[in-house]
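Convention: sequence-line order gives letters A, B, ...; per-chain numbering from 1.
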Amino acid sequence: MKYEYSKYDPKQGSMDEARALLTKAAQNAMKNGDLPEKELPDFIVEVPGDVKNGDLASNIAMLGARVFGMPPRKIAEAIVKNAPSLKDSCFDRLEIAGPGFINIFMTANWFGGVLLFVDAEGADYGKTDFGAGKKVNVEFVSANPTGPMHLGNARGGALGDCLAESLKWAGFDATREFYINDAGNQIAKFGKSLSARYMQLFDESYAFPEDGYQGADIATLAKEFADINGEKYVTETDEARQQAIIDYALPKNIDALKADLAKYRINYDVWFKESELHKGAVADVLKILADRGATYEKDGAIWYKSMDYSVKYGANQNTRKGLDGEVTEENKDEVLVRANGIPTYFAADIAYHYNKFAVRGFDTAIDVWGADHHGHVARMKGAMDAVGLDGEKLDIVLMQFVRLMQDGKPVKMSKRTGKAITLSTLLDEVPIDSARFQFNMREPGSTMDFDLDVAVAEDTNNPVYYVQYAHARICSILKALAAEGIDCTKDAADSHFWLLTEDAEKELLRHIAGFPSEIISAAKSYDPARITRYTTELATLFHKFYNACRVKEADADLRDARIALCKGTKTTLCNALSILNVSAPEKM
RNA sequence: GCGCCGGUAGCUCAGUCGGAUAGAGUGUUUGGCUACGAACCAAAAGGUCGGGGGUUCGAAUCCCUUCCGGCGCACCA
C-alpha cells in the first residue's frame, strides 16, 4: 500500500479539503438565506499554534465581516450551521472561537494515520517530489586556497551542505560544488608572499610585500619548499621562483581544504577550478558580451555596461555628491579586462556561471556568499541577462558574519595578520555534531555569535545533546520494553491510534506530520536552520509526551499505540538529523 | 551620500501570504525520580516588538518617516 504524504500532512492535503468544506458550507448558508448572496472573500486555512484552537483554523468569518455586513461571529455561526455532514470525513468537528475563527478538529484516527505512513516510508519519510528533479547547483565555501579556512567558512559549510541535502529531500537534483580560485591576483600575491618568506630564510633583510599574506602557514610552506630545494631558487628570476613555489604549495593547500571539509562531513560532487576557465571559456564569454553590445573600451580596458543590465536586480542608483556638492551620475561600470590584458575576477565569474547554466544545464544555481559580497549580487545576475541567459535563475544566499564568543566576550581576530581561528583548529576542539548543529541554528541573514564554551560543552547547555538525548531515550524505552517481553516490532497498522488523545500525543503527531512540508519550506526559502529548529521542537514535544504519558504501564492497546508513536518519532528524528548530517546515538 | 542586512524578555534568538493571551533557549525563583534515561519535565517572573505616523474589524508582520548597529560602493576577490 502506497501512502500519499500529503494526505497525512495537515499543512498540505487536509488544508484543501478544509477549504472545500468551508466554501461548501458558506454556499449552503447563502442558499438557505443565513448569509446574503455575495462573493466569498479570499480566506486562509492555517495550522494554529495551539492545539486547543483546533488542528486547522480559518479566518473566513472575519474577512467576511465587510462583504456580508455582519459581525464575524454571526457569520461563523451561519457557516458552521450549514456545513455538510462530517461523517466518514477526516474532520471530527468545527468550533467557533475568539473573534470569529472557525477551528477545525481532525479525527483522532486521521491523526494517527501519519504513523502508518512514517512506518511505511521509514528512512525515506520526509522525502517528496516537490522539486520535480530540477537540477540545482549549490556552490558554497569556495575559500581561497591561499590559506586555511576560518569561522565564516565553517558557517558557510554547514549552511551549504544542509541546504543541498534539504533540496535533495525536497525532490531536487542538487549538486554540491566548490569553486577553487586558483588563478588571478590573489594567487600572484600568494606566490610573492611565499617567495619572500623563502628568500628570508637566506637573507633576513629581504623585503616582505606590504599587502602579502602574513599567516604562519605561508612561512611554514616556504620552509618546506626550502627543505626540499635548498638555495636552488634564490638565484632564479622572481617569476620563476614564484611559479615554482606556487606549484609546490597550491596543491598542498587544496588538499588541506578537501581534508578539512571531509572531516567536517562535507563531500563535494564537483571541485571546479577557476584556472580551467582561462583556457578559453573566459574569452568566449567576453566575445558573447561584445557581440551583444554589452561592453565598450575605455582607457585601454574593456568595460561592462553594468547599469544597462543590473537595474532590475536592485543595483545601486549611482548618485553621489560631486566635489562641488552637486548630485551627479557616476559611472559604476565594471572592468572585464584590465589595461594590462588580464581579465578580472568578474570576467571569470561570468564565464563560471555561464558554464553552470549554458554548458552544464543547471536549472538553478545557488551561491552561498559572505555578506561582504552583496554588492556583487545585482551585477552578477545582470551579467547573466547580458550573456543571454536568465539572471532570475541565479540565487545568492548572503550569509552574515560570525563572531566568536568566549567567556561571554567576542574574541578579537584579524584576517590581515592571520590571527584567526581556523576551521581545522575549531574541529579539533569542538565535536563535529556540535559545530554543524550550532552553525545551522540561525538563518543565514542573521549575524551569529558562535559560543565556543557552549559548543565545547558536552552537557545540557549544548542544544545538540538535547535533541540527541530524545533519540537515545526512545531507544532506551524500546529496549526496556523488549526486555520485559513486550513486542515492539509489530507493524504500525495493528495499533489503535484513536487512543492517542492526550494533548501531548496530538501535538507530537501533528509535528511529525508536518515534517515533509517543513523540508519543502527549508528548500524554498534556502534556510536549513528550519530543520535544526524542527529537530529541537520535535525533541521538546517528545520529552513532554514522555513526562505526561507512560508507555509501559498503559493498557495493552494504548501501550502499543504509544510504542508506534515512539517509533514514528524516532524515525522522524533520525531522518531530520540525517539532513543535518548529525549523528543520532542510541545511547549517550 | 547611495545601497544591502539587522533592531522582539537581562542575554542569544524564533515568529512577515496581517489573526486568538507576541513564543523558545539561557539566566533568576520554586516544584517533580522507590519511575520507560532528571542530559528531562512543570510553574512563576521577565515586553512601550528601536521611535513616530498611516492603511483596517485586526499590525512584530504591509506603507511612509526617523534613530541605532553591521557590511558594501576598486583596472581587489
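Between A:Tyr304 and A:Phe346, the angle of the ring planes goes over 60°, which puts this pair in the perpendicular group of the 30/60° scheme. Relative orientation of the A:His353 and A:Trp369 rings is perpendicular, given thresholds of 30° and 60° on the angle between their planes.
Distances shown here put every side-chain N or O of A:Arg533 at or beyond 4.0 Å from the OP1 or OP2 atom of B:G25. Remark: A:Thr344 is not in phosphate contact with B:A74, judged by side-chain N or O atoms under 4.0 Å from OP1 or OP2. Residue A:Asn181 places no side-chain N or O under 4.0 Å from the OP1 or OP2 atom of B:A77. Contact between the side-chain N/O atoms of A:Arg338 and the OP1/OP2 oxygens of B:A74 is not found at any separation under 4.0 Å. Between A:Tyr345 and B:C75 there is no side-chain polar atom (N or O) within less than 4.0 angstrom of OP1 or OP2. Considering only side-chain N and O atoms, A:Asn547 lies nowhere under 4.0 angstrom from the phosphate OP1 or OP2 of B:C40.
Taking atom C1' in both B:G19 and B:A59, the straight-line distance is 10 Å, to the nearest Å. The separation of B:C67 from B:G51, taken at their P atoms, amounts to 15 Å, rounded to a whole angstrom. A gap of 35 Å separates the P atoms of B:C33 and B:A9, to the nearest Å. Spacing between B:U8 and B:U65 at atom P, rounded to whole Å, works out to 22 Å. Of the C1' atoms belonging to B:G46 and B:U29, the separation is 12 Å, rounded to the nearest Å. Only the P atoms considered, B:U16 is 15 Å distant from B:G50, to the nearest whole Å.
Checking A:Phe272, A:Phe140, A:Trp271 one by one against A:Phe178, the ring-ring contact (aromatic ring centres under 6.0 Å, His included) holds for a single residue, A:Trp271.
Rounding to whole angstrom units, CD of residue A:Gln186 and P of B:A74 are separated by 19 Å. The separation between A:Tyr534 atom OH and B:G15 atom P is 17 Å, rounded to whole Å. Atom pair A:Met62:CE and B:G18:C1' shows a separation of 10 Å (rounding to whole Å applied). Computed from coordinates, the A:Lys189 NZ to B:C76 P distance equals 11 Å when rounded to whole Å. Between the P atom of B:A77 and the NE2 atom of A:His150 lies a distance of 19 Å, rounded to the nearest Å. In this structure, the CZ atom of A:Arg442 is 15 Å from the P atom of B:C11, given to the nearest Å. Atom P of nucleotide B:C17 and atom NZ of A:Lys524 are separated by 12 Å, given to the nearest angstrom.
At a threshold of 4.0 angstrom between heavy atoms, the contacts of A:Glu443 are confined to the sugar-phosphate backbone, with no base atom among them. Using a 4.0 Å heavy-atom cutoff across all strands shown, A:Ser476 reaches at least one base atom of the nucleic acid. Residue A:Ala472 is classed as a base contact, given a heavy-atom separation below 4.0 Å to a base.
Residues from residues 549-558 of chain A with heavy atoms under 4.0 angstrom of RNA chain B, sorted by number: A:Cys549, A:Arg550, A:Val551, A:Lys552.
Annotated as anti: B:C67, whose glycosidic dihedral deviates from 0 by more than 90°.
Using a 4.5 Å heavy-atom cutoff, the side chains of A:Asp333 and A:Tyr296 are in contact. Counting heavy atoms from C-beta on, the side chains of A:Phe542 and A:Leu508 come closer than 4.5 Å.
With a 6.0 Å radius and a threshold of 12 heavy atoms from other residues, nucleotides or ligands, A:Asn340 has its CG atom above the threshold.
Taking the side chain of A:Leu398 as heavy atoms from C-beta on, and the options B:C4, B:U12, B:A14, the nearest nucleotide is B:C4.
Using a 4.0 Å cut-off between charged nitrogen and carboxylate oxygen, A:Asp449 and A:Arg403 count as a salt-bridge pair. Classification of A:Arg533 and A:Asp527 as a salt-bridged pair holds, one side-chain N sitting under 4.0 Å from a carboxylate O.
Remark: the A:His376 side chain and the B:G72 base include no donor-acceptor N/O pair separated by less than 3.5 Å.
Residue pairs satisfying the salt bridge (charged side-chain N to carboxylate O under 4.0 Å, His left out) criterion with at least one member in residues 338-349 of chain A, sequence neighbours excluded, are absent.
Residue-nucleotide stacking is not present for A:Tyr466 and B:A39, judged by a side-chain ring centre under 5.5 Å from the six-membered base ring centre and planes under 30° apart.
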